[in-house]
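Below is one structure, written out as C-alpha coordinates; the observations come after it.
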Amino acid sequence: MIERIPEPELMDDFEQARAYALADFEEPHTQFIELFRQHFPEEVVNGVVLDIGCGTGDITKRFAYAYPACRIHAVDGAEQMLMFARQTVDFEMLHERVRLFQRTLPTDSLAKEKYDVLICNSLLHHLAEPQVLWDTVKQFAKEGAAVFVMDLMRCESTKQAAAMVREYAANEPEVLQRDFYNSLLAAFTPAEVEAQLAEAGLSHLTVEVVSDRHLIVSGRC
Ligand SMILES: C[S@@+](CC[C@H](N)C(=O)[O-])C[C@H]1O[C@@H](n2cnc3c(N)ncnc32)[C@H](O)[C@@H]1O
(Lines give C-alpha, C1' and ligand atoms only; values in the text may rest on other atoms or scores of the structure.)
Protein backbone atom coordinates (compact mmCIF):
# COMPACT_ATOMS: atom_id res chain seq x y z
CA MET A 1 0.00 0.00 0.00
CA ILE A 2 1.36 3.40 -1.03
CA GLU A 3 1.96 6.05 1.66
CA ARG A 4 -0.63 8.82 1.88
CA ILE A 5 0.24 11.90 -0.23
CA PRO A 6 -1.83 14.79 1.22
CA GLU A 7 -3.41 17.33 -1.12
CA PRO A 8 -4.34 20.97 -0.40
CA GLU A 9 -7.34 21.29 1.92
CA LEU A 10 -9.40 24.02 0.29
CA MET A 11 -10.50 23.89 -3.35
CA ASP A 12 -10.25 27.62 -3.81
CA ASP A 13 -9.14 27.85 -7.43
CA PHE A 14 -11.78 29.10 -9.87
CA GLU A 15 -11.05 26.59 -12.66
CA GLN A 16 -10.96 23.74 -10.18
CA ALA A 17 -14.28 24.81 -8.64
CA ARG A 18 -15.88 25.28 -12.07
CA ALA A 19 -14.75 21.84 -13.24
CA TYR A 20 -16.15 20.34 -10.03
CA ALA A 21 -19.45 22.18 -10.47
CA LEU A 22 -19.82 20.93 -14.04
CA ALA A 23 -18.67 17.35 -13.40
CA ASP A 24 -20.95 14.34 -13.58
CA PHE A 25 -21.31 13.04 -10.01
CA GLU A 26 -24.68 11.41 -10.67
CA GLU A 27 -23.62 7.89 -9.68
CA PRO A 28 -21.71 8.52 -6.42
CA HIS A 29 -23.98 11.34 -5.25
CA THR A 30 -27.15 9.30 -5.91
CA GLN A 31 -25.47 6.48 -4.02
CA PHE A 32 -24.78 8.87 -1.11
CA ILE A 33 -28.51 9.60 -0.70
CA GLU A 34 -29.54 5.96 -1.19
CA LEU A 35 -27.03 4.74 1.37
CA PHE A 36 -28.15 7.38 3.86
CA ARG A 37 -31.73 6.12 3.46
CA GLN A 38 -30.65 2.50 3.85
CA HIS A 39 -28.69 3.25 7.01
CA PHE A 40 -31.34 5.47 8.59
CA PRO A 41 -34.62 4.04 7.23
CA GLU A 42 -36.68 5.35 10.15
CA GLU A 43 -35.12 8.81 10.21
CA VAL A 44 -37.74 11.54 9.79
CA VAL A 45 -35.13 14.29 9.13
CA ASN A 46 -37.22 17.32 9.97
CA GLY A 47 -34.60 19.25 11.93
CA VAL A 48 -31.43 21.04 10.87
CA VAL A 49 -28.76 19.12 8.96
CA LEU A 50 -25.09 20.11 8.88
CA ASP A 51 -23.39 19.45 5.53
CA ILE A 52 -19.66 19.58 6.30
CA GLY A 53 -17.47 20.58 3.33
CA CYS A 54 -20.43 21.17 1.01
CA GLY A 55 -18.38 22.36 -1.97
CA THR A 56 -20.63 23.38 -4.86
CA GLY A 57 -23.71 22.15 -3.02
CA ASP A 58 -24.65 19.15 -5.13
CA ILE A 59 -25.09 16.77 -2.19
CA THR A 60 -26.77 19.59 -0.24
CA LYS A 61 -29.34 20.01 -3.02
CA ARG A 62 -29.95 16.27 -3.38
CA PHE A 63 -30.38 15.87 0.37
CA ALA A 64 -32.80 18.81 0.50
CA TYR A 65 -34.94 17.14 -2.18
CA ALA A 66 -34.72 13.71 -0.59
CA TYR A 67 -35.85 15.09 2.79
CA PRO A 68 -38.22 18.01 2.12
CA ALA A 69 -38.96 18.67 5.80
CA CYS A 70 -35.36 19.46 6.78
CA ARG A 71 -33.30 22.61 6.72
CA ILE A 72 -29.58 22.49 5.93
CA HIS A 73 -26.60 24.52 7.05
CA ALA A 74 -23.86 23.86 4.51
CA VAL A 75 -20.29 24.93 5.27
CA ASP A 76 -17.11 25.09 3.25
CA GLY A 77 -13.87 27.04 3.54
CA ALA A 78 -13.48 27.75 -0.16
CA GLU A 79 -15.19 30.88 -1.48
CA GLN A 80 -14.81 29.67 -5.08
CA MET A 81 -16.78 26.49 -4.32
CA LEU A 82 -19.40 28.42 -2.34
CA MET A 83 -19.91 30.77 -5.28
CA PHE A 84 -21.21 27.78 -7.27
CA ALA A 85 -23.17 26.53 -4.26
CA ARG A 86 -24.95 29.92 -4.11
CA GLN A 87 -25.89 29.52 -7.78
CA THR A 88 -27.27 26.05 -7.02
CA VAL A 89 -29.36 27.37 -4.12
CA ASP A 90 -30.64 30.25 -6.31
CA PHE A 91 -31.42 28.02 -9.29
CA GLU A 92 -33.19 25.40 -7.17
CA MET A 93 -34.95 28.12 -5.14
CA LEU A 94 -33.84 26.55 -1.87
CA HIS A 95 -33.17 29.83 0.00
CA GLU A 96 -35.70 29.15 2.68
CA ARG A 97 -34.22 25.78 3.54
CA VAL A 98 -30.51 25.97 2.77
CA ARG A 99 -28.04 28.41 4.31
CA LEU A 100 -24.42 28.52 3.17
CA PHE A 101 -21.53 29.51 5.43
CA GLN A 102 -17.88 30.11 4.66
CA ARG A 103 -16.03 28.36 7.48
CA THR A 104 -12.66 26.65 7.48
CA LEU A 105 -12.58 23.75 9.91
CA PRO A 106 -11.78 23.58 12.74
CA THR A 107 -14.23 26.27 13.79
CA ASP A 108 -16.09 27.13 16.96
CA SER A 109 -18.68 29.24 15.23
CA LEU A 110 -21.48 27.65 13.31
CA ALA A 111 -25.01 29.04 13.17
CA LYS A 112 -26.30 26.40 15.58
CA GLU A 113 -24.65 24.83 18.58
CA LYS A 114 -25.92 21.33 17.80
CA TYR A 115 -27.34 19.61 14.71
CA ASP A 116 -29.88 16.79 14.26
CA VAL A 117 -28.10 15.14 11.32
CA LEU A 118 -24.51 15.52 10.08
CA ILE A 119 -23.52 14.60 6.53
CA CYS A 120 -20.16 14.90 4.82
CA ASN A 121 -19.03 13.80 1.37
CA SER A 122 -15.44 13.76 0.15
CA LEU A 123 -13.99 16.11 2.74
CA LEU A 124 -12.00 13.71 4.92
CA HIS A 125 -9.28 13.01 2.34
CA HIS A 126 -8.60 16.76 2.03
CA LEU A 127 -7.75 17.20 5.68
CA ALA A 128 -4.12 17.33 6.78
CA GLU A 129 -5.32 16.32 10.23
CA PRO A 130 -8.32 13.95 9.98
CA GLN A 131 -9.31 14.46 13.63
CA VAL A 132 -10.58 17.88 12.53
CA LEU A 133 -13.60 16.14 10.99
CA TRP A 134 -14.25 13.84 13.95
CA ASP A 135 -13.86 16.74 16.41
CA THR A 136 -16.39 18.71 14.37
CA VAL A 137 -18.81 15.77 14.50
CA LYS A 138 -18.41 15.46 18.28
CA GLN A 139 -18.71 19.19 18.83
CA PHE A 140 -21.81 19.84 16.72
CA ALA A 141 -23.86 16.61 16.90
CA LYS A 142 -26.90 16.47 19.17
CA GLU A 143 -27.05 13.38 21.31
CA GLY A 144 -28.42 10.64 19.07
CA ALA A 145 -27.78 12.60 15.85
CA ALA A 146 -27.41 10.56 12.67
CA VAL A 147 -23.88 10.83 11.25
CA PHE A 148 -23.15 9.85 7.66
CA VAL A 149 -19.75 10.38 6.05
CA MET A 150 -18.69 9.11 2.63
CA ASP A 151 -15.18 9.37 1.22
CA LEU A 152 -12.71 7.91 -1.19
CA MET A 153 -10.34 5.13 -0.18
CA ARG A 154 -6.64 5.30 -0.95
CA CYS A 155 -5.46 3.28 -3.95
CA GLU A 156 -2.79 0.67 -3.45
CA SER A 157 -0.47 2.19 -6.08
CA THR A 158 -0.14 5.12 -8.46
CA LYS A 159 -0.86 2.64 -11.26
CA GLN A 160 -4.20 1.72 -9.69
CA ALA A 161 -5.04 5.43 -9.19
CA ALA A 162 -4.30 6.14 -12.87
CA ALA A 163 -6.53 3.21 -13.87
CA MET A 164 -9.39 4.58 -11.68
CA VAL A 165 -9.07 7.97 -13.35
CA ARG A 166 -9.30 6.30 -16.78
CA GLU A 167 -12.33 4.29 -15.67
CA TYR A 168 -14.33 7.00 -13.90
CA ALA A 169 -13.12 10.38 -15.13
CA ALA A 170 -11.92 9.84 -18.71
CA ASN A 171 -14.43 12.36 -20.07
CA GLU A 172 -13.80 15.02 -17.43
CA PRO A 173 -11.48 18.04 -17.90
CA GLU A 174 -7.80 17.65 -17.06
CA VAL A 175 -8.07 19.68 -13.84
CA LEU A 176 -10.71 17.28 -12.51
CA GLN A 177 -8.74 14.20 -13.58
CA ARG A 178 -5.70 15.59 -11.76
CA ASP A 179 -7.73 16.30 -8.61
CA PHE A 180 -9.31 12.83 -8.67
CA TYR A 181 -5.87 11.19 -9.06
CA ASN A 182 -4.45 13.25 -6.18
CA SER A 183 -7.50 12.48 -4.02
CA LEU A 184 -7.08 8.74 -4.58
CA LEU A 185 -3.57 9.03 -3.14
CA ALA A 186 -4.57 11.41 -0.32
CA ALA A 187 -7.49 9.30 0.92
CA PHE A 188 -7.37 7.07 3.98
CA THR A 189 -7.71 3.31 4.11
CA PRO A 190 -10.66 1.75 6.00
CA ALA A 191 -8.21 0.61 8.72
CA GLU A 192 -6.86 4.16 9.10
CA VAL A 193 -10.41 5.53 9.43
CA GLU A 194 -11.19 2.89 12.07
CA ALA A 195 -8.08 4.03 13.97
CA GLN A 196 -9.16 7.69 13.67
CA LEU A 197 -12.57 6.84 15.11
CA ALA A 198 -11.01 4.92 17.98
CA GLU A 199 -8.75 7.89 18.75
CA ALA A 200 -11.78 10.20 18.65
CA GLY A 201 -13.81 7.99 20.98
CA LEU A 202 -16.25 7.31 18.12
CA SER A 203 -15.65 3.57 17.71
CA HIS A 204 -19.41 2.99 17.79
CA LEU A 205 -19.59 4.49 14.29
CA THR A 206 -19.27 1.82 11.59
CA VAL A 207 -16.86 1.87 8.64
CA GLU A 208 -18.01 0.05 5.50
CA VAL A 209 -16.56 -0.31 2.03
CA VAL A 210 -19.38 0.41 -0.44
CA SER A 211 -17.64 0.46 -3.84
CA ASP A 212 -14.24 -0.05 -5.40
CA ARG A 213 -13.31 3.50 -4.34
CA HIS A 214 -15.68 4.60 -1.56
CA LEU A 215 -16.16 3.94 2.12
CA ILE A 216 -18.81 5.22 4.49
CA VAL A 217 -18.86 5.93 8.20
CA SER A 218 -22.30 5.84 9.79
CA GLY A 219 -24.02 5.66 13.13
CA ARG A 220 -25.34 7.87 15.90
CA CYS A 221 -23.53 10.21 18.23
C1 LIG B 1 -14.06 17.16 -2.89
S2 LIG B 1 -14.93 18.53 -2.31
C3 LIG B 1 -16.47 17.81 -1.86
C4 LIG B 1 -17.60 18.80 -1.95
C5 LIG B 1 -19.02 18.25 -1.67
N6 LIG B 1 -19.15 17.69 -0.35
C7 LIG B 1 -19.42 17.25 -2.70
O8 LIG B 1 -19.55 16.06 -2.38
O9 LIG B 1 -19.61 17.63 -3.85
C10 LIG B 1 -14.18 18.85 -0.73
C11 LIG B 1 -14.57 20.18 -0.16
O12 LIG B 1 -14.06 20.30 1.18
C13 LIG B 1 -13.62 21.63 1.37
N14 LIG B 1 -12.66 21.66 2.49
C15 LIG B 1 -11.47 21.03 2.56
N16 LIG B 1 -10.87 21.27 3.74
C17 LIG B 1 -11.72 22.07 4.44
C18 LIG B 1 -11.67 22.66 5.72
N19 LIG B 1 -10.61 22.50 6.54
N20 LIG B 1 -12.71 23.43 6.12
C21 LIG B 1 -13.78 23.61 5.31
N22 LIG B 1 -13.88 23.08 4.07
C23 LIG B 1 -12.86 22.31 3.65
C24 LIG B 1 -13.01 22.02 0.05
O25 LIG B 1 -12.91 23.42 -0.12
C26 LIG B 1 -13.99 21.37 -0.92
O27 LIG B 1 -15.02 22.24 -1.28
Side-chain angles (χ1 to χ4, degrees), residues 6-36 49-66 72-89 92 98 100-111 117-137 139-140 147-154 164-165 168-169 172-173 175-188 196 210-211 213-217:
E7 62 176 340
E9 290 206 351
L10 299 187
M11 294 176 64
D12 221 358
D13 171 80
F14 175 75
E15 283 307 326
Q16 183 185 36
R18 191 166 72 117
Y20 202 88
L22 295 174
D24 179 7
F25 289 118
E26 181 64 28
E27 184 217 314
H29 288 188
T30 299
Q31 191 189 22
F32 182 99
I33 303 295
E34 283 172 358
L35 285 169
F36 181 92
V49 177
L50 179 62
D51 182 358
I52 310 168
C54 64
T56 57
D58 189 61
I59 291 277
T60 322
K61 168 190 84 179
R62 289 169 191 264
F63 201 89
Y65 281 122
I72 305 179
H73 288 180
V75 302
D76 200 285
E79 172 54 28
Q80 296 295 330
M81 293 293 263
L82 285 171
M83 197 177 72
F84 288 99
R86 275 183 217 111
Q87 289 177 14
T88 302
V89 170
E92 306 287 339
V98 175
L100 300 170
F101 299 91
Q102 186 176 8
R103 297 282 188 282
T104 298
L105 306 174
T107 180
D108 280 335
S109 77
L110 291 181
V117 173
L118 292 88
I119 58 173
C120 178
N121 186 53
S122 278
L123 164 71
L124 181 61
H125 69 268
H126 278 275
L127 297 173
E129 173 42 69
Q131 286 303 327
V132 164
L133 174 59
W134 308 121
D135 287 345
T136 302
V137 166
Q139 187 178 348
F140 291 102
V147 176
F148 188 81
V149 174
M150 184 160 159
D151 215 287
L152 292 168
M153 295 185 294
R154 186 156 80 254
M164 286 265 185
V165 174
Y168 294 111
E172 300 292 358
V175 59
L176 204 82
Q177 293 193 19
R178 182 204 66 200
D179 278 357
F180 184 40
Y181 178 83
N182 290 338
S183 295
L184 288 165
L185 301 178
F188 296 98
Q196 292 164 18
V210 292
S211 80
R213 59 202 189 284
H214 293 108
L215 58 76
I216 59 171
V217 176

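Remember, it's 1-based here, ligands and their atoms both numbered in the order they're listed.
For the 3.5 Å distance criterion, the side chains of Gln16 and Asp179 qualify, holding a donor opposite an acceptor.
By the 4.0 Å N-to-carboxylate-O rule, Arg86 lies close enough to Glu79 to be salt-bridged with it. Salt-bridge formation is not detected for the pair Arg18/Glu172: no Lys NZ or Arg NE/NH1/NH2 atom is positioned less than 4.0 Å from an Asp or Glu carboxylate oxygen.
Remark: Arg178 CZ is packed, more than 12 non-hydrogen atoms of other residues, nucleotides or ligands lying under 6.0 Å away.
For ligand 1, the protein residues placed under 4.0 Å by at least one non-hydrogen atom are Glu9, Leu10, Met11, Tyr20, His29, Gly53, Cys54, Gly55, Ile59, Asp76, Gly77, Ala78, Met81, Arg103, Thr104, Leu105, Asn121, Ser122, Leu123, His126, Leu127.
Residue Ile52 holds its CD1 atom at 8.5 Å from CD1 of Ile119, rounded to the nearest 0.5 Å.
Ring geometry for Tyr20 against Phe25 counts as tilted: the plane angle lies between 30° and 60°, on a 0 to 90° scale.
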